[in-house]
Amino acid sequence: MEVILKKFALLAASSAAIFALAACGDQAGGGASAGTRDQIRAVGSSTVYPFATAVAELFVQNNPGMKSPIIESTGTGGGMKLFCAGVGAQHPDIENASRRMKKSEFDQCQANGVKDIIEIQVGVDGLAFAEAKNGPGFKLTPKIVYEALAANPYGKGPNKAQTWKDVDPSLPAVAISVFGPPSTSGTRDSLAELILEKGCQSDEAMKALKEKDEDEYKATCTRVREDGKYVDSGENDNLIVQKLAANPNAVGVFGYSFLEENLDSLKDIPLSGVQATYDTVAKGEYPGARPLYIYVKKAHMQAIPGLQAYLDAFAANWGPGGALTKRGMVAATEEARKASADAVKNLTPLDGSALK
């Protein structure tokens, strides 16, 4: 009888262990109801997209038999919603982002069970302003861009400016026409934070408004006019290039890497007298310089085949002279690259307390 009881106890313990492992597998792989996945899935930024696909190509070359990762260009904001929706095979493993994760997004992730998030800065990009080769030769500043594009400049009523000359006498009397990213894009967030807010803060009253009413400040400083002067061109930057070719007086807004790829048909518009070049972006001298990130679910690291190898491929190619810089990415500082390499190696979760 004692032998039978011992065998029964051992069987029960083994069953409990099996169920515990299954539960862990369900959390990381989505469970039986969610199905399983044998290839990496990433969503997010259209700016990071070409770099993520470049790494996917290298990953496949160096890991024979592995399926190519699925990379979707959804925009940073849209990708964050998909990424933070939950853990499991039905949810993406990676979020590509052309800005840092917001505190509200981190909190949404936490609420949906996405607890351990690894933040990795993969490089730097610039928010470039460009025109056609035969364009007017614009010279812009954050203040000029804000006054041209804000829905309600400095809270003084709807924007009435029709031409660039209406905004600043030094500019040509051509109609304001700007083709840029949609509200779901990290590039749009960068436009708001790096350019529009800086321009808005040229008015001391706006700095005081920020202290008094954050929501009103954000609306006043970052809301873009909707009367056709700013045209949301979706997540397809190639469409903006086509629009600029058709309208040489128009201005396009997109990531620096895309400008670099199209210098045969476009030219840079300097911001505050600084041109967008590899060096000015890398050194942070260019007003539109911004870091690029990927976010990874730690719970998926063991469940999704090849995820660690894919991150390793990123780290091996993001330095100066690496495959990613040859594709147009600007290498981050040595200090930032070291911190990111440590994150890839140790899978250290992001501390959300520093997010805004």
Side-chain angles (χ1 to χ4, degrees), residues 27-28 30 37 39-56 59 69-125 184-190 193 235 255 290-304 306-315 317-318 324 329 332 336-337 339-356:
Q27 187 189 24
R37 183 155 42 79
Q39 62 193 130
I40 297 160
R41 182 183 168 213
V43 295
S45 167
S46 60
T47 301
V48 179
Y49 175 82
F51 306 123
T53 54
V55 173
F59 165 78
I70 301 166
I71 317 288
E72 299 173 59
S73 179
T74 63
T76 299
M80 286 290 185
K81 289 178 182 175
L82 294 168
F83 180 81
C84 289
V87 170
Q90 73 271 42
H91 302 292
D93 315 304
I94 298 172
E95 155 70 358
N96 300 321
S98 54
R99 59 160 171 78
R100 199 173 193 203
M101 177 178 274
K102 296 177 181 177
K103 181 68 165 63
S104 59
E105 292 165 339
F106 181 83
D107 291 343
Q108 187 63 49
C109 269
Q110 300 295 302
N112 290 332
V114 185
K115 299 294 185 182
D116 291 332
I117 303 164
I118 304 152
E119 178 184 74
I120 303 162
Q121 184 185 340
V122 295
V124 182
D125 188 38
T184 55
S185 170
T187 305
R188 177 70 166 269
D189 291 326
S190 294
E193 293 164 17
E235 296 292 348
R290 59 180 179 164
L292 301 177
Y293 298 92
I294 61 173
Y295 292 90
V296 189
K297 290 172 184 167
K298 189 170 183 178
H300 285 206
M301 291 303 298
Q302 297 298 321
I304 304 300
L307 193 48
Q308 181 66 57
Y310 180 74
L311 300 187
D312 291 341
F314 246 117
N317 291 283
W318 64 34
L324 293 179
M329 179 182 280
R337 294 199 310 275
S340 291
D342 287 345
V344 168
K345 180 181 178 182
N346 300 316
L347 305 179
T348 310
L350 170 65
D351 178 359
S353 63
L355 300 177
K356 298 178 181 177

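Just so it is clear, the model here is predicted, and its values are computed rather than measured.
No side-chain donor-acceptor contact under 3.5 Å links Asn112 to the backbone of Val114. Under the 3.5 Å distance criterion, the side-chain polar atoms of Arg100 are left unmatched by any main-chain donor or acceptor of Tyr293. A donor-acceptor contact shorter than 3.5 Å is absent between the side chain of Asn96 and the backbone of Tyr49. At distances below 3.5 Å, not a single donor-acceptor pair connects side-chain atoms of Gln308 with backbone N or O atoms of Gln302. Side-chain atoms of Ser340 come within 3.5 Å of backbone N or O of Gln121 as a donor-acceptor pair. Proximity of a side-chain donor or acceptor of Lys115 to a complementary backbone N or O of Gln110 within less than 3.5 Å is detected.
Considering only heavy atoms from C-beta on, Lys297 stays 4.5 Å or farther from Asp93 through its side chain. Taking the side chain as every heavy atom from C-beta outward, Thr76 and Lys102 never approach each other to under 4.5 Å. Leu292 has its side chain out of reach of Ser45: every pair of non-hydrogen atoms, C-beta onward, lies at least 4.5 Å apart.
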Check against side-chain contact (heavy atoms from CB on, under 4.5 Å), Val122 and Phe51: CA-CA 9 Å; Val122 295; Phe51 306 123; over 6 Å; no

Check against side-chain contact (heavy atoms from CB on, under 4.5 Å), His300 and Ile94: CA-CA 9 Å; His300 285 206; Ile94 298 172; over 6 Å; no

Working for side-chain contact (heavy atoms from CB on, under 4.5 Å), residues Thr47 and Arg290: CA-CA 11 Å; Thr47 301; Arg290 59 180 179 164; 3.2 Å; yes

Residues Val55, Leu324; criterion side-chain contact (heavy atoms from CB on, under 4.5 Å); working and verdict: CA-CA 8 Å; Val55 173; Leu324 293 179; 3.8 Å; yes

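In this structure, CD1 in Ile70 is found 3.5 Å from CD in Gln39, a value given to the nearest 0.5 Å. Taken from CG in Leu311 to CD1 in Ile294, the straight-line distance is 5.5 Å, to the nearest 0.5 Å. Taking CG from Leu82 and NE2 from His91, the interatomic distance works out to 9.5 Å, rounded to the nearest 0.5 Å. Note: Cys109 SG to Ile117 CD1 = 4.0 Å, rounded to the nearest 0.5 Å.
Here the closest non-hydrogen pair linking Asn317 and Ala313 is ND2-O, 2.7 Å. When all heavy atoms of Gly352 and Lys103 are compared, the pair lying nearest together is O-CD, 3.4 Å. Contact record, Ala309 with Phe59: CB-CE1, 3.8 Å, taken as the closest heavy-atom pair. In terms of heavy-atom proximity, Pro92 sits nearest to Arg41 at CD-NH1, 3.6 Å. Annotation for Gly79 and Val43: closest pair O-CG2, 3.6 Å, computed over non-hydrogen atoms. Of all the heavy atoms in Thr187 and Ser98, the pair that sits closest is N-OG, 3.4 Å.
In this structure, Tyr310 and Phe314 have perpendicular ring planes: the angle between them is above 60°, well past the 30° mark.
Residues passing the side-chain hydrogen bond (donor to acceptor under 3.5 Å, both in side chains) test with Asp189, sequence neighbours excluded: Arg99.
Judged purely by distance below 3.5 Å, without hydrogens or angles, the side chains of Tyr295 and Glu119 pair a donor atom with an acceptor atom. With hydrogens and angles left out, the side-chain atoms of Asn346 and Thr348 include no donor and acceptor closer than 3.5 Å.
Other residues, nucleotides and ligands contribute at most 12 non-hydrogen atoms within 6.0 Å of the NZ atom of Lys81.
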